[in-house]
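Letters A, B, ... are given to chains in the order of the sequence lines, protein chains preceding strands, and every chain is numbered from 1. It should be emphasised that the depicted structure is a prediction, and the values quoted were computed from it without experimental measurement.
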2 protein chains.
Amino acid sequence: MGESEAILKILEKSPVFENCEPTSLTQFVAQSNIISVEKGQILFVHEEPAKRFFMVLGGWVKLFRETLDGSQAIIDILPAGHLLGETSVFDDNKYPYSAEAVEQTKLISIPLNLLKSEIDDNPKMASAMLYHMAKVRRQQDRELEHLVVQNAPQRIGCFLLRLTNQREEGPAKIQLPYDKSLVAARLGMQPETFSRALSKLKEATGLEINGSTISLNNVRQLIEFSCAACSSEFPCKDLKSKASCATQ
Amino acid sequence: MGESEAILKILEKSPVFENCEPTSLTQFVAQSNIISVEKGQILFVHEEPAKRFFMVLGGWVKLFRETLDGSQAIIDILPAGHLLGETSVFDDNKYPYSAEAVEQTKLISIPLNLLKSEIDDNPKMASAMLYHMAKVRRQQDRELEHLVVQNAPQRIGCFLLRLTNQREEGPAKIQLPYDKSLVAARLGMQPETFSRALSKLKEATGLEINGSTISLNNVRQLIEFSCAACSSEFPCKDLKSKASCATQ
DNA sequence: CGAGGGTTTGAAGTGCATCAAATAGTGTGG
DNA sequence: CCACACTATTTGATGCACTTCAAACCCTCG
């Protein structure tokens with residue numbers, strides 16, 4: 001399969017692009033290309049003029065900001081299927097965060113001006129983008145809330161729950177998607193704190209830890225422990241997509 | 001002046017509505033009304049089906065969420081000129097937070113379905129809404145960052161700076177817009193912590209406290225103290241509007 | 001003047017960060 | 001297949017920031 005066909009297939013299935021006119025979609029495909037970035041490579045930097053945006057195909061991309069005094073705040077770590085930099089069109093054409101590949105990662109690179117003109121010309125696309133942005137905002141809201149009201153063990157519990165298939169509450173076995181220290185950073189805590197907090201969670205909810213594999217024996221108990229300090233009941237739909245929405 | 005004319009004048013000047021077709025604007029005005037809510041009154045509750053959205057005319061409105069275990073996370077406290085509930089159109093027609101009047105407050109109440117149809121029918125309106133949502137998101141981003149990377153005295157300093165006219169760096173005298181304990185909650189800390197942190201800030205930057213009046217003698221020093229732990233340089237444009245964008 | 005809020009101050013506790021060191025895991029070249 | 005080097009993770013000890021609980025203070029307003 002040629003690269004163009006591959007890109008076409010993926011974009012067609014994406015919520016943001018599915019409302020695109022076929023002719024516009026062809027344009028998107030024509031001006032896009034698949035890129036591969038190595039672990040640790042920077043994709044773009046906060047405030048840099050934005051020319052292109054991206055969709056993750058495989059691997060993981062870390063979104064973050066750096067303060068003047070050098071510390072780093074991680075905004076999110078995106079799996080396959082997620083867009084990054086797409087909101088720059090409305091942000092003065094500057095990237096609102098920096099992005100770095102956490103491991104070898106493949107992405108589709110798409111010109112922003114094309115997105116801009118499609119939004120301007122096609123009301124359906126504008127509408128899709130509005131829903132998309134609202135969704136991103138909801139996730140951001142939840143993220144903020146978690147940081148403020150949940151303590152470290154609760155945040156980990158919440159993270160684990162989001163990694164499960166949230167339909168059923170039976171025992172589940174989970175693989176951490178990336179290094180523990182990266183999970184820690186993602187959850188806004190130090191690796192040492194993560195380690196200790198995970199032990200506490202084990203005490204409190206009876207889960208089992210085996211390297212990067214975690215067995216949830218008592219999901220109900222985990223929910224009670226973690227979701228108490230949250231404004232929404234357990235199957236937190238908005239966040240589910242965060243970890244599981246994949247293109248492939 | 002009649003109520004309708006008053007509403008018209010205000011909406012015309014608002015960034016979101018200025019692109020409205022005159023005929024649509026007339027519709028908005030016809031179906032809107034000015035309401036007055038008392039201190040402590042709840043305007044709407046998180047997750048409640050959303051029928052109307054609001055623009056603050058005077059007073060203050062607190063946006064917040066409550067966790068299952070009862071604690072409250074304050075999202076923002078809106079002054080005149082700000083919209084609330086307007087994004088519900090894209091949020092499953094549910095309010096994404098609760099809203100309460102902090103004091104006697106006047107608002108314009110506008111039907112959401114009107115907003116929805118105007119966005120669907122008028123590309124300019126859709127575009128205005130996209131920019132609006134991007135702006136809201138940027139502010140939210142900054143809020144998140146502050147909570148994570150700034151300590152209590154720095155957050156207060158940052159809050160004070162946002163209350164000043166950010167053009168000039170000369171000495172400034174500020175009135176806290178509402179009770180200290182509310183400012184504390186707004187900044188995500190306890191009243192006691194606020195009190196102590198403000199004293200520390202006084203030590204560190206030489207400001208003077210007099211009840212709810214605060215004199216900034218050395219703005220430069222305050223900037224250096226507060227903005228070190230932030231990803232953006234001082235005149236933080238996105239946030240300025242937050243405290244000062246008024247309709248009147 | 002006295003009641004009741006908001007605010008400050010004190011003392012003690014908690015949670016997380018930091019620094020330091022031990023341990024486990026992983027991949028490499030021999 | 002083993003030994004080594006290197007990294008990720010855990011564990012321990014200590015410190016700091018913020019919270020909590022309690023009491024005093026202060027201000028305003030009936």
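Considering only heavy atoms from C-beta on, Ile35(A) comes within 4.5 Å of Asn33(A) through its side chain.
Interface residues of residues 187-197 of chain A facing DNA chain D, ordered by number: Glu192(A), Ser195(A), Arg196(A); criterion, heavy-atom separation under 4.0 Å.
Residue pairs meeting the side chain to side chain donor-acceptor pair (under 3.5 Å) criterion with at least one partner in residues 188-203 of chain B, sequence neighbours excluded, do not occur; the list is empty. Listed by first and then second residue, the side chain to side chain donor-acceptor pair (under 3.5 Å) pairs involving residues 223-234 of chain A are Arg142(A)-Ser232(A), Glu145(A)-Ser231(A) (not counting sequence neighbours).
Under the 3.5 Å distance criterion, with hydrogens and angles disregarded, no donor-acceptor pair is assigned to the side chains of Gln140(A) and Lys135(A). No donor-acceptor contact under 3.5 angstrom links the side chains of Asp179(B) and Ser181(B), judged on distance only.
When the side-chain hydrogen bond (donor to acceptor under 3.5 Å, both in side chains) test is applied to Gln175(A), the partners found at least two apart in sequence or on another chain are Ser212(A), Thr213(A).
Classification of Arg137(B) and Asp91(A) as a salt-bridged pair holds, one side-chain N sitting under 4.0 Å from a carboxylate O. Between Glu86(A) and Arg52(A) there is no salt bridge, since no side-chain nitrogen of the basic residue lies less than 4.0 Å from a carboxylate oxygen of the acidic one.
Between chain B and DNA chain C, the heavy-atom contact criterion of under 4.0 Å yields a 5' to 3' nucleotide range of dG6(C) to dA11(C). Mapping heavy-atom proximity under 4.0 Å, the span of DNA chain D touched by chain A runs 5' to 3' from dT9(D) to dA13(D).
Comparing Gln150(A) and Ser181(B) by the nucleotide of DNA chain C whose heavy atom lies nearest to each, the residue mapping closer to the 5' end is Ser181(B).
Of the residues listed (Leu176(B), Leu187(B), Val102(B)), the one engaging Leu182(B) in a side-chain contact (heavy atoms from CB on, under 4.5 Å) is Val102(B), and it is the only one.
Rounded to the nearest 0.5 Å, atoms CD1 (Ile10(B)) and OG (Ser32(B)) are 10.5 Å apart.
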